Amino acid sequence: MGRSKHADLNSLPDRLLAWYERHARDLPWRIGPANRAVGERPDPYRVWLCEIMMQQTTIPHGTPYFFKFTERWPTVEALAAAKDEEVMSAWAGLGYYARARNLLKCAREVAARGGFPETEAELRKLPGVGPYTAGAIAAIAFDQVAAAVDGNVDRVFARLLALKGDWAAEKKVIAERVRQLVPEERPGEFAEALMDLGATVCTPTKPNCLTCPLSELCAARAEGNPERYPIKPAKAAKPVRHGIAYVLQSKGEVLLVRRPDKGLLGGMLALPTGDWVEGDFPETPPPAKADWEEVGEVRHVFTHFALRFKVMRAELARRPKADGQWVTLNAVEGLPSVFAKAFKLATK
DNA sequence: AAGACGGGGCC
DNA sequence: GGCCCAGTCTT
């Protein structure tokens, strides 16, 4: 069995759950330990929604969106009945817009089948639900013995086990190790506890080992430098692309376009732009003939490149024929951040 | 296995 | 300017 090869983590679940009872984060979508103990369970819709929303998203940034969505669409059936543009607009500013497209697709599948599936394997088949989210929903909403391994859990275990190998390979080791540790009782709280520990104690910088319930089990702590972990590969430098954004106004309205579903900012409302290219600003034809003035430059950083928009503005007495939709200036909403920045620069 | 895919806060 | 965050999907 090679037991000696592994740290002895048998006591981890009990230590962690005892800690969680006293230090659980109070989150809007969560049923706390006291209420869980008397049998209360969270609404699967809210669990699913928060898990999708918080993917690669900080809690402070995502929380207002959670409130907005649950107030506007209190049930999965209500969300399933929403229009695509409404949901995309409500998601604007949260990023990773494929999540919003999959959210709606998933809501419609779930509403059609009469509710959420309850097992990890079935949940995994839903659009936008990957290994982490399937485990989280199964454990938290349905008390299934499933693991939810997110970035917090990866970091906690990288330190617990002092993992020094290739990070992609070590993450697989972690997933398997966590799966072995999920307790039959309270699997949902185990998942929440592990994430809370990573978020509040075993933090990326300056982990607070003095208050950690797992410090006695931690190999990185024993080595004396937990901050060294996890050891990840260096990231490639981001190239800079250049583009031109056009703010065309007429009669108190502005011309907006809908981006295609696939690709960057897919399905989102946008300003007309041409190609975004490396090197220098491209020769992009404007959406209409007008007296264009340059109002400034907007910089924005995406996941794999940085963007510089030259922002052009023009106003025409009569609306020209142009592709897109005209939207009242005061009613402009639902723009991704980069376009919101450019629009604001041109209209203030 | 490697890239694409947002955005904001923090150092 | 780089890192991180309740990751997933595509190629």
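So you know, we letter chains A, B, ... as the sequences are listed, proteins then strands, and number each from 1. Treat the numbers as computed from the prediction; the structure is a model and nothing was measured.
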Looking at [X], does any N or O in its side chain come under 4.0 Å of the phosphate oxygens OP1/OP2 on [N]?
X: A:Tyr96; N: C:dC9; answer: no
X: A:Lys172; N: B:dA1; answer: yes
X: A:Gln55; N: C:dG7; answer: no
X: A:His304; N: B:dC5; answer: yes

Please report, rounded to the nearest Å, how far the [atom2] atom of [N] is from the [atom1] atom of [X].
X: A:Ile59; N: C:dG7; atom1: CD1; atom2: P; value: 9 Å
X: A:Arg124; N: C:dC9; atom1: CZ; atom2: C1'; value: 9 Å
X: A:His300; N: B:dC5; atom1: NE2; atom2: C1'; value: 12 Å
X: A:Trp167; N: C:dG7; atom1: CH2; atom2: C1'; value: 14 Å
X: A:Met54; N: C:dG7; atom1: CE; atom2: P; value: 11 Å
X: A:Tyr20; N: C:dA6; atom1: OH; atom2: C1'; value: 12 Å
X: A:Leu197; N: C:dA6; atom1: CG; atom2: P; value: 13 Å
X: A:Met268; N: B:dA4; atom1: CE; atom2: P; value: 21 Å

Quick one: does [X] reach the base of [N] with a side-chain donor-acceptor pair under 3.5 Å?
X: A:Ser337; N: B:dG7; result: no
X: A:Tyr132; N: C:dG7; result: no
X: A:Thr57; N: B:dG6; result: yes

Taking the minimum atom-to-atom distance to the side chain of [X], which one of [options] wins?
X: A:Lys232; options: B:dG6, C:dA6, C:dC4; answer: C:dC4
X: A:Tyr97; options: C:dC5, C:dA6, B:dG6; answer: B:dG6
X: A:Thr303; options: C:dC5, C:dA6, B:dC5; answer: B:dC5
X: A:Asp150; options: B:dG7, C:dC4, C:dA6; answer: C:dA6

Could you measure between the two [atom1] atoms, the one in [N] and the one in [M], and give it in whole Å?
N: B:dC11; M: C:dA6; atom1: P; result: 15 Å
N: C:dC3; M: B:dG6; atom1: C1'; result: 15 Å
N: B:dG8; M: C:dT8; atom1: P; result: 22 Å

- Note: for A:Gly128 and A:Lys235 on DNA chain C, the residue whose nearest nucleotide lies more 5' is A:Lys235
- Nearest-nucleotide comparison on DNA chain C, the residue closer to the 5′ end among A:Pro233 and A:Leu27: A:Pro233
- Message: Could you check, using the six-membered ring where one of them is a Trp, whether A:Phe302 and A:His304 have ring centers closer than 6.0 angstrom?
- Response: no
Would you mind classifying the nucleic acid contact of [X] as base, sugar-phosphate or nothing, using non-hydrogen atoms under 4.0 angstrom?
X: A:Arg25; value: base
X: A:Val129; value: sugar-phosphate
X: A:Thr205; value: nothing
X: A:Gly93; value: sugar-phosphate
X: A:Leu265; value: sugar-phosphate
X: A:Pro336; value: sugar-phosphate
X: A:Trp29; value: base
X: A:Gly266; value: nothing

Backbone of [Y] reached by a side-chain donor or acceptor of [X] within 3.5 Å:
X: A:Arg101; Y: A:Gly266; value: yes
X: A:Tyr97; Y: A:Asp261; value: no
X: A:Arg308; Y: A:Gly243; value: no

- Task: Only one of A:Arg108, A:Arg258, A:Lys105 passes salt bridge (charged side-chain N to carboxylate O under 4.0 Å, His left out) with A:Asp84; say which it is.
- Result: A:Arg108
- Message: Could you tell me if A:Glu170 and A:Tyr229 have a donor-acceptor pair between their side chains, going purely by distance under 3.5 Å?
- Response: no
- Would you please classify the geometry between the A:Trp48 ring and the A:Tyr45 ring as parallel, tilted or perpendicular, with 30° and 60° separating the classes? tilted
